[in-house]
Every structure is written in structure tokens, then in C-alpha cells.
Amino acid sequence: MPELPEVEALTRTLRPLVAGRKVLGCRVIHAIAVQPTSRRGAEQAAAAIEKNARGRTIRAVARRGKYLLLLLDRGCLVLHFKLDGQLIWFPTRRISGHVDVAFEMRGGTLAFVDRRHFGRVQWVDAPEDVPGIRKMGVEPLSREFTAARLAELLRTSRRPLKAFLLDQAKIAGLGNIYSNEAMWRARVSPQRPAYRVTRQQARRLHKGIVDVLRRALECCLRPAPDFRDPNWWFQGLETILAVYGRAGEKCRRCGGTIRRIEQSGRSTFWCLRCQR
DNA sequence: CCTGCTACCTGATGGC
DNA sequence: TGCCATCAGGTAGCAG
């Protein structure tokens, strides 16, 4: 379940490993992992990825929301991990286990792996060609994301706050876990319509979002991702979570009971007593 | 434009 | 123990 902090940690860790390297070969092993996913479309897209990635040099490794971008000297590889996607680095061209897409380079092979086939790889001329990226909202760890900006965005939406926070076109990179945590930190109810979030709550929410993402990013970088270990995944993030997955437990702040409710088909965890 | 619903996948989990 | 049903999650695409 990589959200912004996890993808940012992957990006930073991958950068020194592949930036400046040439993609000697690209193999799409499971076409289901490429976008678009219709049967014919996927095969065409798979061929396009292989053709367009081969021989290109990786100029930069970047992140936009939950997307990881490999900016090539011509075009761009766009990776989305969805729930369980991961990256594995093999020190040779020999790969093993389940691999969906392999990028061969001097010194090793970068593999995109997702047994559940939710994650996607695609090649585009420019990142903005991906609709999800073109519509992407403000980056919450950037300077443009201020309390005033958040308040302004909140005013424009009548949806429940939870749905607002999950909307990537409003704020980039929040998922089910950190949106829950941000609302708990801000003491705001997930059911409150976005436009009814008060000025003061918006200030607290802004701080809650920034703080929880920064804290999670610290955790994600220590220890840093290990692409060489196929079983590696982020550890210890549960310890920074106050509400997510804690239904029935006591609220750390007020002692109330954490509840799990369903909002637009997703789990929301919150404390009815102190989140208003 | 805005909003909400569902399909997409398959490993993990829970019930009997 | 084994089997089956259900769940989890982010996004695209579609309907209203």
C-alpha cells in the first residue's frame, strides 16, 4: 500500500542506482501489468514499452503523487504500485520469481513485480500524457501547499472530508492510511463535508497532513528500501499510526474507542469523541 | 464540471 | 485440516 512517503522513499533510493544508466533491454513478461489493460491494447502497449525503452538513458528519477517516473532522454516510463507493486534489483540479467516487466542495464536488471497485477507500467512521451498525472493536485510536501491553499480547496467541495482527501486531483499522494491519520491528528471528522471544515480545522488539517507524511517518510528512509531483497518491505510504520487498523482500541488522545466505518467502499478509522 | 459506483486482481483471512 | 467465501486497496472509466 505505497502512498506518497513510500513512493518518495523508493524514488530517492532508486535514483542513485539507475540515474544516468542506459536501458539495454526491456522485457514485458506479463502484459497485464502495462497500461492500457484491454487485451489488444495491453499487447500493443507492451510492444511500445519494449521498443521505446530500449537504448534510452534514464535522465532522472522523479515522483508525482503515487507515481514513480523514470524520465528518459526520450519519453518517460511511468510506474504505479497500487497496492502491492514493488521493485527488485537483480545484479545480473538473470531474473527469478514473478517478474512483470524487466529493465536490463549495465550491472543489473530492474524488475517491476506485482503478483496481484494491480500495479501498472507505461511509456509516454511526457508525464502529462498520463491523465492521472495531468489532473494531479498540489504536492503536500511542496511550498505551494499552505493552510490557505488547503482551505481554498476545501471550500470547493461538498464531499465528505475523507473522500476529498483521497481525491488525487485535490491533494497528491494521500491514500487510505495517511488520510485517516491526518484527520485524527487534526481532530476533524471524516464525515464532515469538506466545505464545512472551519478555518481553524483547516490549519490543523494542513499540519496533520504535512506532519504525518514527513514522519512516515523518515520511517521509510530508515532503513531505506532494499531492492536486492525480494522480501523487503517497509517496516515499523504501524508504530506511527494512531487510528488506522485500530478499530476497538482506545484513542491515544482522549481514551474514546476507535471506530471503523465504511465510506465510499473504503475503511475509515476514527475517534468519534475527539474528531469533530 | 462534479460526484459516485464498479471493475480490475489475487494473497490473506475468517468461518464452518 | 481443508475448503470456500469474502475482503482489501487506488485508479480508470462510466453513468447520472
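As a basis for the values below, the full set of heavy atoms in this structure was taken, side chains included, without hydrogen atoms, waters or symmetry mates. Naming convention: chains lettered A, B, ... in sequence-line order (proteins, then strands); numbering from 1 in each chain.
Residue A:D84 contributes atom CG, which lies 9 Å from atom P of B:dA12 at whole-angstrom precision. The separation between A:W233 atom CH2 and B:dA12 atom P is 15 Å, rounded to whole Å. Residue A:I177 contributes atom CD1, which lies 11 Å from atom C1' of C:dA8 at whole-angstrom precision. If you take CG of A:L68 and P of C:dG10, they are 17 Å apart, rounded to a whole angstrom. Atom pair A:K135:NZ and C:dG10:P shows a separation of 18 Å (rounding to whole Å applied). When rounded to the nearest whole Å, the span between CD of A:E262 and C1' of C:dT6 equals 12 Å. In this structure, A:K170 places its NZ atom 10 Å from C1' of B:dC1, rounding to the nearest Å. A:D114 places its CG atom 11 Å from the P atom of B:dC9, with the value rounded to the nearest Å.
Taking 3.5 Å as the limit, the base of C:dA8 and the side chain of A:R116 contain a donor-acceptor pair of atoms between them.
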task: Would you check, one step at a time, whether the test side-chain contact (heavy atoms from CB on, under 4.5 Å) holds for A:V61 with A:L71?
output: CA-CA 6 Å; A:V61 182; A:L71 296 148; over 6 Å; no
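The side chain of A:R159 approaches B:dG4 more closely than any other nucleotide in the set C:dA8, C:dG10, B:dG4. Nearest to the side chain of A:K66, among B:dC9, C:dA12, C:dG10, sits C:dG10.
Within the structure, a side-chain polar atom (N or O) of A:H80 is placed less than 4.0 Å from OP1 or OP2 of C:dT11. The side chain of A:Q168 contributes an N or O atom lying less than 4.0 Å from OP1 or OP2 of C:dT11.
Taking every heavy atom of both residues into account, A:C220 and A:P225 meet most closely at O-CD, 3.6 Å. Taking both residues in full, the closest heavy atoms of A:R185 and A:R253 are given as O-NH1, 3.8 Å, listed atom of the first, atom of the second, then distance.
Across all strands shown, A:F164 has no heavy atoms under 4.0 Å from either base or sugar-phosphate atoms. A:R266 comes within contact range of at least one nucleobase, with a heavy-atom separation under 4.0 Å. Using a 4.0 Å heavy-atom distance criterion, A:R134 is classed as making no nucleic acid contact.
For A:S157 and A:F118, each mapped to the nucleotide of DNA chain B holding its nearest heavy atom, the one lying further toward the 5' end belongs to A:S157. A residue-by-residue look at A:D167 and A:R115 shows that A:D167 has its nearest nucleotide of DNA chain B further toward the 5' end. Ranked by how close their nearest DNA chain C nucleotide is to the 5' end, A:L83 and A:V130 are led by A:L83.
A:F81 and A:F112 have parallel rings, their planes meeting at less than 30° on a 0 to 90° scale where 60° marks the start of perpendicular.
A salt bridge links A:E104 and A:R27; the closest N-O separation between the charged side-chain nitrogens and carboxylate oxygens is under 4.0 Å.
Here the OG atom belonging to A:S157 is positioned 12.5 Å from the CZ atom belonging to A:R196, to the nearest 0.5 angstrom.
Counting only Watson-Crick and G-U wobble pairs whose two key distances fall under 3.5 Å, DNA chain B forms stems of three or more stacked pairs at B:2-16 with C:2-16.
Counting only N and O atoms by type, the side chains of A:Y178 and A:E6 include a donor and acceptor under 3.5 Å apart.
Side-chain contact check for A:R56 versus A:L77: every heavy-atom pair is 4.5 Å or farther apart.
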